[in-house]
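Following: one structure in structure tokens, then a few remarks.
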Amino acid sequence: MQFSYSWLKTQADTELSADKLEHLLTMSGLEVEEAETAAPAFTGVVVAEVKSVEKHPDADRLNVTQVDAGTGELLQIVCGAPNVKVGIKVPCSLPGAVLPGNFKIKPTKMRGVVSNGMLCSTNELGLPDDGVDGLHILPEDAPVGANIREYLDLDDTVFTLKITPNRADCLSIKGIAREVSALTQCAFSPVAIQTTPVSSTKKQAVRIDAPADCGRFISRVIENVNARAATPDWMKQRLERSGIRSISVLVDIGNYVMLEIGQPMHVFDADKLSGSLIVRRALNGETLECLNEKTVTLADNTLVVADEKGALSLAGLMGGEASAVSDDTQNIVLEAAWFAPEIIAGKSRQYGFGSDSSFRFERGVDYRLQADAIERATELVLQICGGEAGEMVEAQGELPEAKQVELRLGRLKTVLGVDIPAEQVETILQHLGLQPEKTADGFRVTAPSFRFDIEIEADLIEEVGRVYGYENIPNDYTSGRLKMLALPETRRPRFAVYNEMAARGYREVVSYAFVDEQWELDFAANANPIRLQNPLAAQYAVMRSTLIGGLVEILQNNLNRKQNRVRVFEIARVFSKDSDDLFVQNERIGGLWYGAAMPEQWGEKTRNVDFYDIKADVENLLKNKAVEFVTAEHPALHPGRAANIVSDGQVIGFVGELHPKWLQKYDLPQAPLVFEIDMAAVLEREKTRYQAVSKFQPARRDLAFVVPEAVTHEALLAALHEVRSPLIREIALFDVYRGAGLPENSKSMAVKVILQDAEQTLTDDAVEPVVEKLITAAHAVGGQLR
């Protein structure tokens with residue numbers, strides 16, 4: 001919502017400076033996004049009248065003018081504007097003036113003729129473009145010599161508010177003035193609504209065929225209007241400072257009333273209507289050419305205003321071209337209605353355009369304001385365009401019922417933590433237009449028609465609190481102590497994971513949870529992903545079930561920027577469906593490593609990252625858990641270079657090299673290594689167990705087993721770990737041999753076995769039985785002691 005301070009002061013008699021008002025509105029919940037003067041700073045510009053115009057003797061496009069700028073003598077000024085003529089009044093920069101951009105005016109010669117100043121256009125003064133090619137023409141009654149900043153009120157402040165969806169009542173000057181009155185206790189003087197005498201017998205019949213969607217619909221015919229009349233400068237100025245472009249006088253009046261009191265309106269050309277105006281649901285496939293020159297095909301969830309021939313406008317959104325007013329219009333129909341917010345909400349997105357009207361209707365318009373809007377618009381039309389007004393015709397549907405809400409003073413004190421006197425609470429509620437009634441323990445309020453958000457006691461407490469002033473509530477009452485509980489021993493701090501990934505050289509990235517459907521098919525073989533009803537764009541149509549797609553996209557972006565060594569990770573949620581077709585979201589950590597294993601350097605040869613490099617990173621991430629890597633197949637990964645990460649018999653993630661076919665499809669010069677793990681498993685760790693360090697020497701035995709080529713390291717170690725002995729401290733592979741001396745299709749795997757006792761020195765009698773059990777256990781996988 002954008003408005004000028006000078007317009008606001010016509011309804012709220014406040015003397016606050018613009019800076020103080022900005023702070024006050026922001027602190028009360030009406031956030032001021034921007035506050036700036038109506039025009040940039042400049043000096044030395046006055047109102048001047050052109051007294052004579054002669055052609056420049058040496059320039060075809062220049063004129064030599066004599067102007068009266070109120071200095072006591074005529075000034076000679078050379079001017080190249082095409083619209084300069086005798087008798088007009090224009091802004092004149094006197095010698096010594098400084099225009100926007102620090103442009104200084106001084107006497108100068110132009111093609112041999114002295115020019116003592118400059119006649120100005122709107123652009124030269126930093127004002128909104130008035131569409132005129134040349135000088136800014138001022139009204140005939142502009143006082144010669146007057147400071148242009150004072151005359152045009154250019155020191156006025158233009159505020160831009162960020163209105164929350166529940167405060168639709170503040171989308172008008174009247175609503176903001178009511179708010180300022182409540183905050184400052186100043187006089188609130190809304191514009192007086194005058195009842196217009198009826199001077200025409202013409203009426204426009206109206207009907208509501210969708211009573212649940214439209215609660216009130218009012219029309220009035222005004223005949224013999226002058227649609228070519230000029231919009232008054234004061235109205236143009238207020239519209240422009242509210243961010244609305246002046247179009248034509250009839251359209252401007254509708255927009256002005258909307259800004260002034262908050263009721264959107266529409267003006268029809270009465271001679272283009274056929275029969276009654278009807279509010280109804282659109283017919284499927286019905287089309288309408290809108291005022292923005294777009295032709296839309298309507299759905300049956302759309303409310304329209306129609307006549308006997310067909311749809312005329314999208315109700316609450318935009319009018320139609322067929323019934324629009326023009327300069328040739330002679331008879332008009334003013335229309336004001338109340339539409340249920342839910343029938344207007346979402347239509348801007350559905351049809352690809354919105355309007356100031358729909359912005360208000362979908363948040364809720366005062367359902368008792370329509371007759372006032374018709375009367376106010378009628379007054380302005382008759383005042384500016386002339387004509388004869390007919391009688392108002394009204395149709396009613398289903399209107400909201402006013403809710404009664406009680407406010408207990410005891411509850412108010414409990415919630416706000418401060419004791420506000422009952423008299424002050426009553427004054428606040430009265431200034432907010434809530435008309436409180438006293439009860440035994442507080443007040444009863446009937447929610448006014450302009451406040452859709454007043455529904456429960458907490459709403460009234462909020463109103464009192466913000467008007468009373470949050471800064472007036474002592475900090476002691478609004479602060480609390482949080483008891484920070486220590487994490488259990490079996491859970492790691494989240495930041496430890498971030499720190500470990502950063503220490504390994506990874507950089508954190510953030511990608512969209514909405515992804516391309518093709519990514520889900522490629523990287524997760526997910527042919528039925530969770531689809532979005534209203535995607536941001538075609539490439540963000542589904543929810544991700546894996547992080548790999550986002551990481552690959554980030555890799556592509558880096559490669560496009562000549563970054564040939566990339567290590568990134570992301571911690572985020574993925575989305576899927578369970579067996580009952582319910583949505584499930586799990587947090588996962590994904591990582592990607594591409595390019596050289598080490599930065600380019602003189603001390604080590606360059607080699608590309610391989611599976612074991614990223615496997616080491618995963619092991620470091622899961623160093624507090626017992627995990628194993630089991631050969632697996634994954635749609636995103638290279639067959640034979642992929643593994644599932646298994647802990648306690650459960651698959652918690654995967655790691656491997658990206659599949660070759662995706663390298664070609666996604667234009668990757670070489671294969672990146674990726675992993676993805678359940679974040680819950682990463683954060684979970686085994687409870688720390690303490691034991692005394694043995695003071696006795698350990699014993700080591702090296703055992704080489706000849707096993708079939710198909711036997712993996714994990715299989716051999718799993719068989720050896722079946723031997724349960726308190727003496728075994730470690731079993732680890734340290735050598736693999738293939739070659740002479742071994743049977744065909746066999747290999748030798750050598751493991752070291754560390755044994756130690758905490759209470760005595762080990763002897764061969766204690767060690768050898770354990771070694772024999774290990775040798776026997778190796779037989780389970782075909783292992784024979786070499």
Carboxylate-amine/guanidinium contact [X] [Y], below 4.0 Å:
X	Y	answer
Arg376	Glu260	yes
Glu286	Arg280	yes
Asp366	Arg368	no
Glu391	Arg220	no

Handout entry: Non-hydrogen atoms of Glu362 and Ser348 that approach each other most closely
Key =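 The answer is OE1-OG, 4.5 Å.
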Is there a side-chain contact between [X] and [Y], using heavy atoms and a 4.5 Å cut-off?
X	Y	answer
Phe217	Glu394	no
Tyr5	Leu16	yes
Leu334	Ile332	yes
Phe443	Leu429	yes
Thr329	Asp271	no
Leu277	Phe268	yes
Val180	Leu21	yes
Asp213	Val279	no

What residues, two or more places apart in sequence or in another chain, satisfy salt bridge (charged side-chain N to carboxylate O under 4.0 Å, His left out) together with [X]?
X	value
Glu22	none
Asp328	Arg228
Glu388	none
Arg238	none

For residues [X] and [Y], is any side-chain donor paired with an opposing acceptor at under 3.5 Å?
X	Y	answer
Ser4	Asp156	yes
Ser200	Glu223	yes
Glu375	Gln194	no
Glu520	Gln518	no
Arg544	Ser511	yes

Report the relative orientation of the aromatic rings in [X] and [Y]; use parallel for angles under 30°, tilted for 30 to 60°, perpendicular for over 60°.
X	Y	result
Phe452	Trp338	parallel
Trp7	Tyr256	parallel
Phe514	Tyr512	parallel

Handout entry: Charged tip of Arg363 within 45° of Phe361 ring normal and under 6.0 Å
Key =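 No, Arg363 does not sit over the ring of Phe361.
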Atom pairs and distances, side-chain donor-acceptor, residues 159-172, under 3.5 Å, sequence neighbours left out:
{"from": "Thr164", "atom 1": "OG1", "to": "Asn166", "atom 2": "OD1", "distance (Å)": "2.6"}
{"from": "Arg167", "atom 1": "NE", "to": "Asp169", "atom 2": "OD1", "distance (Å)": "3.0"}
{"from": "Arg167", "atom 1": "NH2", "to": "Asp169", "atom 2": "OD2", "distance (Å)": "2.9"}
{"from": "Arg167", "atom 1": "NH2", "to": "Glu179", "atom 2": "OE1", "distance (Å)": "2.9"}
{"from": "Ser172", "atom 1": "OG", "to": "Gly175", "atom 2": "N", "distance (Å)": "3.0"}

Practice task
Kindly indicate, with the supporting measurements, whether the criterion salt bridge (Lys or Arg N to Asp or Glu O under 4.0 Å) is fulfilled by Arg451 and Asp453.
Solution key: CA-CA 5 Å; Arg451 290 300 299 269; Asp453 58 320; 2.8 Å; yes
Side-chain polar contacts of residues 246-253 - donor-acceptor pairs under 3.5 angstrom, sequence neighbours left out - could you list them?
{"from": "Ser246", "atom 1": "OG", "to": "Asp252", "atom 2": "OD2", "distance (Å)": "2.6"}
{"from": "Asp252", "atom 1": "OD1", "to": "Ile247", "atom 2": "N", "distance (Å)": "2.9"}
{"from": "Asp252", "atom 1": "OD2", "to": "Thr231", "atom 2": "OG1", "distance (Å)": "2.8"}

Problem - Residue that, paired with Arg444, satisfies salt bridge (charged side-chain N to carboxylate O under 4.0 Å, His left out) out of Glu406, Glu426, Glu457 - result: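 Answer to the salt bridge (charged side-chain N to carboxylate O under 4.0 Å, His left out) test with Arg444 among Glu406, Glu426, Glu457: Glu406.
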Exercise for the section: Determine, step by step, whether Met27 and Leu183 satisfy the side-chain contact (heavy atoms from CB on, under 4.5 Å) criterion, reporting the C-alpha distance in whole Å, the side-chain angles of both residues, the deciding distance to 0.1 Å, and the verdict. Expected result: CA-CA 10 Å; Met27 292 303 295; Leu183 295 171; over 6 Å; no
Exercise for the section: Could you walk me through whether Val296 and Thr287 pass side-chain contact (heavy atoms from CB on, under 4.5 Å), step by step? Expected result: CA-CA 6 Å; Val296 295; Thr287 60; over 6 Å; no
